[in-house]
Protein chains: 4
Amino acid sequence: VTSRADAVVDVNADMGEAFGRYRMGPDDELIELVTSANVACGFHAGDPRVMDATVAAAARRGVVVGAHVSYPDLAGFGRRHLAVTAEELTTDALYQIGALDALCRRHGTAVRYVKAHGALYNDLVADATLSRALADAVRAYEPGLMVLTLPGSLSATTLADAGLAVRVEAFPDRAYTADGTLVPRRAAGAVLATVEEIADRGVRMALGEPFASRTGSPVTVRADTLCVHSDTAGAVGIARALRRALHDAGVEVRAFV
Amino acid sequence: VTSRADAVVDVNADMGEAFGRYRMGPDDELIELVTSANVACGFHAGDPRVMDATVAAAARRGVVVGAHVSYPDLAGFGRRHLAVTAEELTTDALYQIGALDALCRRHGTAVRYVKAHGALYNDLVADATLSRALADAVRAYEPGLMVLTLPGSLSATTLADAGLAVRVEAFPDRAYTADGTLVPRRAAGAVLATVEEIADRGVRMALGEPFASRTGSPVTVRADTLCVHSDTAGAVGIARALRRALHDAGVEVRAFV
Amino acid sequence: VTSRADAVVDVNADMGEAFGRYRMGPDDELIELVTSANVACGFHAGDPRVMDATVAAAARRGVVVGAHVSYPDLAGFGRRHLAVTAEELTTDALYQIGALDALCRRHGTAVRYVKAHGALYNDLVADATLSRALADAVRAYEPGLMVLTLPGSLSATTLADAGLAVRVEAFPDRAYTADGTLVPRRAAGAVLATVEEIADRGVRMALGEPFASRTGSPVTVRADTLCVHSDTAGAVGIARALRRALHDAGVEVRAFV
Amino acid sequence: VTSRADAVVDVNADMGEAFGRYRMGPDDELIELVTSANVACGFHAGDPRVMDATVAAAARRGVVVGAHVSYPDLAGFGRRHLAVTAEELTTDALYQIGALDALCRRHGTAVRYVKAHGALYNDLVADATLSRALADAVRAYEPGLMVLTLPGSLSATTLADAGLAVRVEAFPDRAYTADGTLVPRRAAGAVLATVEEIADRGVRMALGEPFASRTGSPVTVRADTLCVHSDTAGAVGIARALRRALHDAGVEVRAFV
């Protein structure tokens, strides 16, 4: 168990998912509550204006910017599997990272990490070829960029084997199995019911303390960052409660970069 | 008149205008004949694979890469005016420059200059607001990037006033008026008829020597780079003849960057 | 002045402007309050699922469906002028009308009229070439389709000269000049301040009674349909007040088709 | 074996796969050699101008028009699997069929059949849910539309069970297994080597005569239409040879509709 004296965790959320005249997510409030922002790059959401405004807000508040790379699928919001080749993923990811980084430069910040979005995130978890393809993009762009993924996944191993700095995230609003994997979202009880439960679980994750798995047995999930789902109803309330609980538990909230 | 002993000129062409399974232009041959490549960034042409292959070929041959930024209009190939705001142009340009630069990094090169494409190029020529918006993008990305535009244009002045290094181009295949402006493409005689004429004119442009304007009176057009239209039938033959004529005239062909 | 005994007017609004996971406008409530729905066709908003759901809702309530055709510009929501040729407009419009009509067939309804959206609407008003291009599309698809436009405009004349059934609309929430044209939206006082004013003006428009122009002199604007701006804050309240006022004034609200 | 006296077959090819300034395929020559044209609808290829020109050419020559519906993936030319839901396929297909049919109306013709393109074609073959989703679209649009698919496939059965008129196609340029299924394209010998072989095989398919399967044993493949791959080098020569061979064998070439 981490001594509370030096407990530190990051809080990340998906942001910049508006597009044109379309709004999405409570970005104005969430940007005050996270330390890392996964910013859409135009492939599943976000356009250059939205990206610009999002990184400007992040820069003003010292929030670290990550490139939230996706399959090219605005109509499907990046949530549909697309059978891309490794080369397609590498080049699509480079394109997105560079585009976002250009807008970062305008506001004196920079892309500091990469996180896959939606279906791509899920596909990477168990696909070494795709994970290597993403690693190729990150190394080509800036080998010092971190990559955010699921702890214990093939993706995490593959990215680390490729020499990248891997950071892992946990989901305080989600049920876990006894072996530390996520309960699929559609299963009964997959999402915790109350803000209090979520905040308490987040603290345990930050401290490396056990919590009850779905079957009741204790499980410990260590993570560099806690993900707040910005598309959940009540996302802002959850983020606020989480931040308060972390503060009360003596956990410092600081960007993982 | 430039002394031939130190005459130098660049040769540029639009490249990377394929998309998906669609081919466009004789890139494989032209890349051997130019010193600067204006590379499409996905808004009027080009996708991340095409961009990647184009900058890889440029890097192998020491050809300098420029970002050929456009209005977002794949169906119209960027040739239709779109009424964008200054902020839309700035952010769209940053997005494109950064995306291309990311693919450049993979091949050990970088975007070194920016040139507007199609309708945007034409609109910029006489629009100070749009020119400043492009300047904002370039300065935000990398103040050292050069910008390629039309000599004597409001665009050239405005970009220079914004502190950017402006480079100007001439079109050896086109007729000019007595005051050094291009004869509109649709006018009779706007495009020179033979490869020999084009090559001869290119040499005169490189040397700062006068040539016959449309009305017959002599005109002098100085330019840092000569543009070869890659979508002209016979583009490769024109580029070859131009290179040979420049060589025979003792003009060194070298990137303007 | 129309005898109240036989006064009839239509109420139309833009609908189906969501896209993918993005929502837009209070469609669920507005569909209960209009008699004609201008349904986006995928070029500025709307995707096949959104279009399907919108025409399904319209069909259930007996609301007439119109194709709300646009320039192809999702990022700009169709609000930016795009320099299309007549042939581009004709074919783009046919594509959109047919696509929407296909989804109508699934729900036992059909496209009954065409209305241009955003920048295209504004461009058509004063452009006979574009208006003829739209007329070509409508006649090719179904000469019996009506076209909705601005009264007294070159567009209205041109479409009528092309043999089409033109219907005109008025905007109860907007100030008019003494000669019956709209005060530009950005001018001071261009939008009426209260729901009551809007409802009262809508009744006068339906009855062909004069109301105060911007300068105070009376003006009469006759229209087949009253447009409720679905993107105005309070659109539902405005539509409700308008419907109630029309009812109280003895005006029948009925589709213009 | 079909009596040659009444042997009839259709010849189909993919057409209208250009986009914007991009060309694709020898449409001008192929349109003279086919009886049915599978016309792209803008999702994998084709834009409204290309669609218009393609159906205009088909109408002039009495070639039947089919809607070549696809996943939405211009960058991937519809050749990448996309995990769509049944409802997404139904609505996407309706959108495409209607859009193409609108352009057909301009030229006095109509969509008469539907064929899936690329990855969607392959996915449908073995997926009853997707096949039913396509059937839903076709029935909603026009129950009399035929659907073109692979003989003996789950798709053929499912579409027929849904009450649709199914027509099946064979590929004269491809090797077949002893049980009448296609040898996968990447296998050695999957594509026949000579124009003569292809033409001969096409005649056998039209007559219902056996030909040598990959293993040498005879196989019989009956089909309503023979598909000529328009993206094969030499497609026009193949189509010409096939037409000549069919003529010489006394087989009438006539649209299957």
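Per chain, numbering begins at 1; letters A, B, ... match sequence-line order. No hydrogens, no waters, no symmetry mates; every other heavy atom, side chains included, goes into these values.
Looking at A:Cys104, neither its backbone nor its side chain comes within 4.5 Å of chain B, counting heavy atoms on both sides. With a 4.5 angstrom heavy-atom cutoff, A:Asp92 touches chain B via backbone and side-chain atoms both.
Most heavy-atom pairs under 4.5 Å with chain A, from the set B:Ala102, B:Gly98, B:Gly108, B:Pro48: that is B:Pro48. Top candidate by heavy-atom pairs under 4.5 Å with chain A, chosen from B:Ala140, B:Pro72, B:Gly42, B:Ala99, is B:Ala99. When each of A:Arg106, A:Met51, A:Glu87 is checked for heavy-atom pairs under 4.5 Å with chain B, A:Arg106 comes out on top. In terms of non-hydrogen atom pairs under 4.5 Å with chain B, the most contact-rich of A:Asp101, A:Leu103, A:Asp136 is A:Leu103.
Using a distance-only test at 3.5 Å, with no hydrogens or angles considered, a donor-acceptor pair links the side chain of B:Arg61 to the main chain of B:Ala57. At distances below 3.5 Å, at least one donor-acceptor pair connects side-chain atoms of B:Thr225 with backbone N or O atoms of B:Asp10.
Annotation: cation-pi pair B:Arg105/A:Tyr141 present, NZ/CZ under 6.0 Å from the ring centroid and within 45° of its normal.
Remark: B:Ser70 OG to B:Gln96 CD distance equals 6.0 Å, nearest 0.5 Å.
Aromatic pair A:His117/A:Phe77: centroids less than 6.0 angstrom apart.
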